[in-house]
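Following: one structure in structure tokens, then a few remarks.
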There are 2 protein chains.
Amino acid sequence: MSTRDRLVESTRELLRERGYTGTSPKAIQQRADAGQGSMYHHFAGKQDLALAAIERNNEEMTAVAERELSAPGTPYERIEAWLRREREILRGCPMGVLAQDPEIVGSDDLRSPVAGHFEWLRGRLRDVLAEGDLDVRLADTLMAVLQGGYVLARAANDTRPFEDAIEGAVGLLERAAAG
Amino acid sequence: MSTRDRLVESTRELLRERGYTGTSPKAIQQRADAGQGSMYHHFAGKQDLALAAIERNNEEMTAVAERELSAPGTPYERIEAWLRREREILRGCPMGVLAQDPEIVGSDDLRSPVAGHFEWLRGRLRDVLAEGDLDVRLADTLMAVLQGGYVLARAANDTRPFEDAIEGAVGLLERAAAG
DNA sequence: GTCTATAACCTGATAGAC
DNA sequence: GTCTATCAGGTTATAGAC
């Protein structure tokens with residue numbers, strides 16, 4: 001792995017663990033085993049590093065969700081599979097934690113790529129919901145259950161609130177899909 | 001307002017605007033128009049200030065939710081009223097933003113009071129759901145829709161995802177309450 | 001209760017040698 | 001590409017005078 005790649009991977013890990021505000025260039029360098037000069041050779045600074053990390057997150061997360069949402073099965077089944085996918089709940093959602101960081105929310109340059117991922121997902125979910133004759137506004141409801149589930153689980157330091165939130169949503173959706 | 005009270009109110013504002021990690025004692029002093037020595041006379045440090053701010057948030061938010069959930073009306077109507085209450089969406093939930101801050105999640109001293117608020121709300125919602133013969137796990141689902149709605153809205157810098165998430169949830173809940 | 005001084009370290013970078 | 005030196009300012013306090 002190149003120094004550049006190690007810097008990006010270290011940034012991704014640290015952004016998820018500590019958020020943008022809580023992540024320093026120094027910590028990134030240490031985790032990547034790269035020097036100060038090396039880091040500033042490859043990237044213009046902290047924001048530039050974060051943008052590269054967000055782009056990688058976006059690529060990976062989009063690929064995973066697309067696989068589930070375009071799999072064989074009914075619209076309900078595909079959405080259920082996406083909702084129930086195993087997640088590292090207490091580590092937080094790699095994109096969601098960024099969407100909550102005040103410094104990211106306050107900067108259009110940093111916020112836009114995060115917003116872009118959620119826009120893509122919203123659109124993709126709406127397609128599948130429409131295919132199943134379901135209310136397309138449920139795209140936001142279901143995405144919110146996931147993001148809020150992370151919030152509640154991390155507050156409780158327990159995965160249970162996340163799991164209950166998902167099961168409750170699956171139950172309601174099943175009813176709507178059947179009806 | 002006493003210096004002490006101004007310090008607590010300034011801390012509440014800053015925690016909501018910038019999170020725990022992004023809030024410095026210096027910024028609190030400046031907003032409260034209090035000196036360094038004054039702040040350290042009233043509080044042991046940043047964490048102590050945050051604990052006082054979280055406690056005030058808890059008192060206020062508990063009172064507001066309790067009013068809605070114990071109002072006259074059917075269980076469905078009371079939950080709908082709570083879900084649809086007007087909120088300052090793009091400022092984020094005062095408790096939710098704390099539940100997402102890595103430094104808070106990583107410290108039991110800071111996380112516990114935040115967790116306590118959500119536990120209270122979960123219990124109160126379960127009471128109302130049970131009264132309406134609804135699945136009590138929906139307490140977490142509905143709380144998650146709210147928290148996740150904030151996340152999506154702030155990512156988009158637009159209240160629409162929050163509003164759609166809530167409307168979708170109200171629709172599903174109405175169906176379940178009718179069924 | 002409030003003030004100023006001091007501390008030791010971190011922050012996010014820039015400069016220029018190698 | 002990577003290194004070390006340097007920088008102005010912030011961070012989270014503690015100490016002791018007033």
Side-chain angles (χ1 to χ4, degrees), chain A residues 1-56 97-98 101-111 113, chain B residues 1-56 97-98 101-111 113:
Chain A
M1 211 180 202
S2 68
T3 296
R4 197 199 144 90
D5 287 345
R6 287 202 317 280
L7 284 163
V8 174
E9 289 309 306
S10 297
T11 303
R12 293 176 72 198
E13 290 172 15
L14 285 164
L15 287 180
R16 190 167 183 183
E17 289 170 24
R18 309 190 195 166
Y20 183 79
T21 305
T23 294
S24 69
K26 187 177 196 171
I28 294 170
Q29 293 152 29
Q30 288 171 341
R31 184 164 303 205
D33 199 24
Q36 186 101 331
S38 189
M39 193 202 91
Y40 281 102
H41 169 72
H42 292 289
F43 297 94
K46 178 178 172 176
Q47 169 167 324
D48 193 28
L49 230 4
L51 289 172
I54 293 169
E55 193 177 334
R56 281 293 300 134
V97 300
L98 300 175
D101 192 294
E103 275 192 74
I104 290 195
V105 168
S107 150
D108 277 345
D109 286 347
L110 285 165
R111 190 187 53 72
Chain B
M1 212 181 203
S2 68
T3 297
R4 198 199 143 88
D5 287 346
R6 285 202 317 280
L7 285 164
V8 174
E9 290 309 306
S10 297
T11 303
R12 293 177 70 198
E13 290 172 15
L14 285 164
L15 286 180
R16 189 167 183 183
E17 289 171 24
R18 307 189 195 168
Y20 183 80
T21 305
T23 295
S24 69
K26 188 176 195 172
I28 294 170
Q29 293 153 29
Q30 288 172 341
R31 185 165 302 203
D33 199 22
Q36 186 100 330
S38 189
M39 192 203 91
Y40 281 103
H41 170 74
H42 292 290
F43 297 94
K46 178 177 170 176
Q47 170 167 323
D48 193 29
L49 230 5
L51 288 172
I54 293 170
E55 193 177 335
R56 282 293 301 135
V97 299
L98 299 175
D101 192 294
E103 276 192 73
I104 290 194
V105 168
S107 150
D108 277 346
D109 286 347
L110 286 164
R111 189 186 53 73

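A note on names: the letters A, B, ... follow the listed sequences, proteins ahead of strands, and every chain is numbered from 1. Atoms considered below: every heavy atom in the structure, side chains included; atoms not considered: hydrogens, waters and symmetry mates.
Nucleotides of DNA chain C nearest to A:A27 and B:A34 differ in position, and the one nearer the 5' end is that of B:A34.
The interatomic distance linking A:Q29 (CD) with D:dG1 (C1') rounds to 14 Å, in whole Å. Taking atom CG of A:L49 as the reference point, atom P of C:dT11 lies 14 Å away to the nearest angstrom. At whole-Å resolution of the value, CD in B:E103 and P in D:dT11 are 12 Å apart. Between the P atom of C:dC3 and the CD atom of B:Q30 lies a distance of 13 Å, rounded to the nearest Å. Here D:dG1 presents its P atom at 12 Å from CZ of A:F43, a figure rounded to the nearest Å. Atom NE2 of B:H41 is separated from atom C1' of D:dC18 by 14 Å (rounded to the nearest Å). The NZ atom of B:K26 sits 14 Å away from the C1' atom of C:dC10 (whole-angstrom rounding).
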Sort me out a list of protein N/O and nucleotides 13-15 of chain D N/O pairs below 3.5 Å, or just none if empty.
| unit_1 | atom_1 | unit_2 | atom_2 | d |
| --- | --- | --- | --- | --- |
| D:dA13 | OP2 | B:K46 | N | 3.3 |
| D:dA13 | O5' | B:Y40 | OH | 3.0 |
| D:dA13 | N7 | B:Q36 | NE2 | 2.8 |
| D:dA13 | N6 | B:Q36 | NE2 | 2.7 |

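Taken residue by residue, residues 10-19 of chain B places no heavy atom nearer than 4.0 Å to DNA chain D.
The side chain of B:H42 approaches C:dT2 more closely than any other nucleotide in the set C:dT2, D:dG1, D:dG10.
For the OP1/OP2 pair of D:dT2 and a distance below 4.0 Å, the side-chain nitrogens and oxygens of A:T3 include at least one atom meeting the criterion. In this model, the phosphate group of D:dT11 is approached by a side-chain N or O of B:S24 to a distance below 4.0 Å at OP1 or OP2.
When the C1' atoms of four end pairs are superposed on the next four at each end of the helix from C:dG1-D:dC18 to C:dC18-D:dG1, using five pairs per end, the two resulting axes differ in direction by 0°, to 10°.
Classification of A:R6 and A:E9 as a salt-bridged pair fails, no side-chain N sitting under 4.0 Å from a carboxylate O.
With B:L49 as reference, B:M39 is the one residue of B:H42, B:R12, B:M39 to meet the side-chain contact (heavy atoms from CB on, under 4.5 Å) rule.
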